[in-house]
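Have a look at the structure below before the remarks.
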Amino acid sequence: MSVRPSTQVAVVMRCERITNRWQPWRWVLAEVVPHEPAFGAEPRKLRDDAEGMSWLFPDFEVALFRDEAEGYWLNLESPAPCWFVLWRLDEVQEPDAIPLARPVAVSLSYHEAGRWLDAQETVEQVPAPEPVLDTLRAFVAEHYVPEPRRRKRPDSFQPLQDRFGNPASVSTGKPQRGGGGHG
């Protein structure tokens with residue numbers, strides 16, 4: 001049994017004060033960093049001042065899966081390969097409280113991030129560091145096999161079918177001219 005490559009990371013979320021009368025703050029993904037044992041297992045506030053606040057969310061495992069190899073390849077082929085982070089706002093009980101933005105998952109797969117977005121989740125990205133990208137490149141080189149491109153026949157060569165899949169023909173309404181001799 002082979003060991004699945006993985007790494008432990010921590011996510012830093014930043015709440016910024018903004019000039020907006022309906023919402024005076026916004027959460028943004030600040031960075032993804034290697035997890036360190038000193039971070040512990042529980043989220044903790046790193047700073048809280050007039051500019052905003054930052055929170056550290058430790059201990060996310062990012063494992064690489066063979067069936068996501070194409071998604072990793074697409075990430076590597078992008079102009080800026082990155083971490084994808086899905087996060088959600090906590091429910092707030094107090095009227096003036098700022099809800100905490102909690103990371104839920106971290107990935108390096110373009111496809112996985114796309115599925116999260118299709119599910120209407122909040123997904124942000126930050127650049128991934130070169131050592132992580134080197135590991136990802138090695139994994140993709142070993143596990144990603146591009147689908148062979150199949151030549152698509154032009155539609156003009158495809159047999160005509162009706163909406164039920166039965167053979168069909170096109171008529172212009174003009175009488176057909178036969179090859180018989182009319183004289």
Is there a path from Val140 to Leu74 through hydrophobic residues (I, L, V, M, F, W, Y) whose side chains come within less than 4.5 Å of each other?
yes
Looking at CD of Gln125 and CG of Leu108, how far apart are the two atoms once the value is rounded to the nearest 0.5 Å?
11.5 Å
Determine, step by step, whether Arg14 and Met53 satisfy the side-chain contact (heavy atoms from CB on, under 4.5 Å) criterion, reporting the C-alpha distance in whole Å, the side-chain angles of both residues, the deciding distance to 0.1 Å, and the verdict.
CA-CA 6 Å; Arg14 185 175 63 240; Met53 63 179 141; over 6 Å; no
Straight-line distance of Arg102 CZ to Trp87 CH2, nearest 0.5 Å
13.0 Å
If you look at every heavy atom in Leu76 and Pro81, which pair is closest and at what distance?
O-CG, 3.8 Å
Is there a continuous path of hydrophobic side-chain contacts, each under 4.5 Å between heavy atoms, that joins Val11 to Leu46?
no
In plain terms, say whether Arg115 and Asp118 are close enough for a salt bridge, that is, a side-chain N and a carboxylate O under 4.0 Å apart.
no
Is there a side-chain contact between Phe60 and Pro103 (heavy atoms, below 4.5 Å)?
yes
Applying the side-chain contact (heavy atoms from CB on, under 4.5 Å) criterion to Val9, which one of Val32, Asp59, Val85, Val132 satisfies it?
Val32
Is any side-chain N of the basic residue among Glu68 and Arg66 closer than 4.0 Å to the acidic one's carboxylate O?
no
Answer yes or no: does atom CD of Glu91 have more than 12 heavy-atom neighbours from other residues, nucleotides or ligands under 6.0 Å?
no
Should Val62 and Leu56 be counted in the same cluster of Ile, Leu, Val, Met, Phe, Trp and Tyr side chains packed under 4.5 Å apart?
no
Could you check whether Trp25 and Glu16, counting side-chain N and O atoms only, form a donor-acceptor pair closer than 3.5 Å?
no
Kindly assign one of parallel, tilted or perpendicular to the pair His143 and Phe139, based on the angle between their ring planes and the thresholds 30° and 60°.
tilted
Check Arg137 with Glu130, please: is the shortest side-chain N to carboxylate O separation under 4.0 Å?
yes
Closest approach of Trp55 to Phe57 (non-hydrogen atoms, all atoms of both residues):
CB-CE1, 3.5 Å
Hey, are the side chains of Thr122 and Trp27 touching, using non-hydrogen atoms and a 4.5 Å cut-off?
no
How far apart are the closest heavy atoms of Thr7 and Trp83, and which atoms are they?
CG2-CH2, 4.1 Å
Looking only at heavy atoms, the pair that brings Leu86 and Trp116 closest together is CD1-CG, 3.3 Å
Once you round to the nearest 0.5 Å, how far does SG of Cys15 lie from CD1 of Ile98?
4.5 Å
Smallest heavy-atom separation, Arg47 atom then Gly52 atom, equals NH1-O, 3.7 Å
Hphob cluster co-occupancy, Leu29 + Leu117, side-chain heavy atoms under 4.5 angstrom
yes
So, are Arg17 and Glu51 salt-bridged, with charged N and O less than 4.0 Å apart?
no
Heavy-atom nearest pair, Cys82 first then Asn75, reads O-ND2, 2.8 Å
Can you tell me how far CD of Glu31 sits from OG of Ser54, rounded to the nearest 0.5 angstrom?
8.5 Å
Using the ring-ring contact (aromatic ring centres under 6.0 Å, His included) definition, which of the options Trp73, Tyr72, Phe65 pairs with Tyr144?
Trp73
Hydrophobic clusters here meaning ILVMFWY residues chained together by side-chain heavy-atom distances under 4.5 Å, can you tell me if Val123 and Val104 are in one?
yes
